[in-house]
Amino acid sequence: LFSCNVAEVLVLLGAGIAGLPTPLLPLQILWLNLVTDTFPALALALEPAEPGVMERPPRSPDEAIVSRSFVQSILFYATLITVVTLVAFLWAERAGDPERAVTIAFMTLALAQLFHLGNARSRGPVLRPSRAFANKWALSSIPLVIALQLLAVYFEPLARVLRTVPLSAEDWAVVAGLALLPAVVGQLIEVFQARSRPA
């Protein structure tokens, strides 16, 4: 939630500083907060305990609740999500169709936040089948959010309210590719850190 909400702020801030048109509309941000934040966050509450969690030493009572490494992680992922969203927006914006550009930014941000769920689920990689399928609620939230996002674009009454437009196959390829990048980078980092930890 922290990284996703910070990313929403940074997308608007970055576009404003760069003198770009607004990449997201207020109702779209509200939609993102209701859809892409709520269902994955609720699913995370049901995440099974990680193996060996009871073997870890207790946290120091003097340690801050929000540690420096936690804040760095939030900012890192928020920046990644922001960058892919703004890249998608800039790519679409050069065609001169503002509604399409906003729709592409909206969808890229939504899907990047959704795919970030894999990074948020565990301190380690979630690529192994035993870990990936450990939380059926997290897995269920993915098609649910994708379906709701498709409704936001293709269900005419909702699309009219959110001011979205249908996207082409090329648009979807760009959206999906960029939205997956933060999740892929996150999992590669987790794999590297897991291998470098002492056994």
Side-chain angles (χ1 to χ4, degrees), residues 1-11 14 23-24 28-29 31-48 50-51 69-92 103-150 152-153 167 169-197:
L1 285 174
F2 278 132
S3 16
C4 292
N5 288 326
V6 169
E8 290 170 13
V9 172
L10 290 178
V11 164
L24 294 168
Q28 292 174 346
I29 295 169
W31 175 267
L32 289 173
N33 288 332
L34 288 172
V35 173
T36 61
D37 287 355
T38 304
F39 297 111
L42 289 173
L44 283 177
L46 301 168
E47 186 72 24
E50 293 181 21
S69 63
F70 182 61
V71 171
Q72 288 172 340
S73 179
I74 289 168
L75 293 176
F76 174 73
Y77 286 114
T79 303
L80 273 178
I81 294 168
T82 300
V83 167
V84 298
T85 302
L86 288 176
V87 166
F89 180 68
L90 285 169
W91 174 81
T103 303
I104 285 174
F106 171 60
M107 293 304 296
T108 303
L109 181 56
L111 295 181
Q113 290 179 344
L114 175 63
F115 299 148
H116 179 53
L117 176 65
N119 297 328
R121 282 185 57 193
S122 173
R123 286 173 62 180
V126 292
L127 300 175
R128 292 187 320 273
S130 61
R131 197 75 197 123
F133 296 104
N135 185 345
K136 65 179 180 182
W137 299 107
L139 293 176
S140 301
S141 72
I142 295 169
L144 174 62
V145 170
I146 289 173
L148 289 170
Q149 284 302 119
L150 290 173
V153 173
L167 300 178
E170 183 188 11
D171 295 338
W172 281 116
V174 170
V175 166
L178 287 170
L180 276 168
L181 269 177
V184 170
V185 168
Q187 288 304 295
L188 289 174
I189 290 170
E190 294 295 348
V191 167
F192 177 75
Q193 288 177 342
R195 286 182 179 167
S196 60
R197 284 186 200 114

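How far CD of E8 is from OG1 of T85: 9.5 Å, rounded to the nearest 0.5 Å. Taking OG1 of T103 as the start and CE of M107 as the end, the distance is 9.0 Å to the nearest 0.5 Å. Atom-to-atom distance recorded for H116:NE2 and S3:OG is 3.0 Å, nearest 0.5 angstrom. Taken to the nearest 0.5 Å, the OG1 atom of T108 stands 10.5 Å off from the CG atom of L180.
For residues 170-183, the set of pairs meeting the side-chain hydrogen bond (donor to acceptor under 3.5 Å, both in side chains) definition, not counting sequence neighbours, comprises R100-D171, Y154-W172, S168-D171. Residue pairs satisfying the side-chain hydrogen bond (donor to acceptor under 3.5 Å, both in side chains) criterion with at least one member in residues 176-186, sequence neighbours excluded, are absent.
A search for side-chain contact (heavy atoms from CB on, under 4.5 Å) contacts involving L181 returns V84, L178, not counting sequence neighbours. The side chain to side chain donor-acceptor pair (under 3.5 Å) test applied to W31 returns Q149, not counting sequence neighbours. The side-chain contact (heavy atoms from CB on, under 4.5 Å) test applied to L90 returns L20, not counting sequence neighbours. Residues passing the side-chain contact (heavy atoms from CB on, under 4.5 Å) test with V71 are V66, L75, sequence neighbours excluded.
Residue P182 comes nearest to A112 through the heavy atom pair CG-CB, 4.5 Å, listed as atom of the first residue, atom of the second, then distance. Heavy atoms only, all atoms of each residue included: A105 and L24 are closest at C-CD2, 4.2 Å. Scanning both residues, F89 and P23, for their nearest heavy atoms gives CE1-CA, 3.7 Å.
Using a 4.5 Å heavy-atom cutoff, the side chains of F106 and L32 are in contact. No side-chain heavy atom of L10 sits under 4.5 Å from any side-chain heavy atom of V83. Within the 4.5 Å cutoff, no side-chain heavy atoms of V35 are placed close to those of L114.
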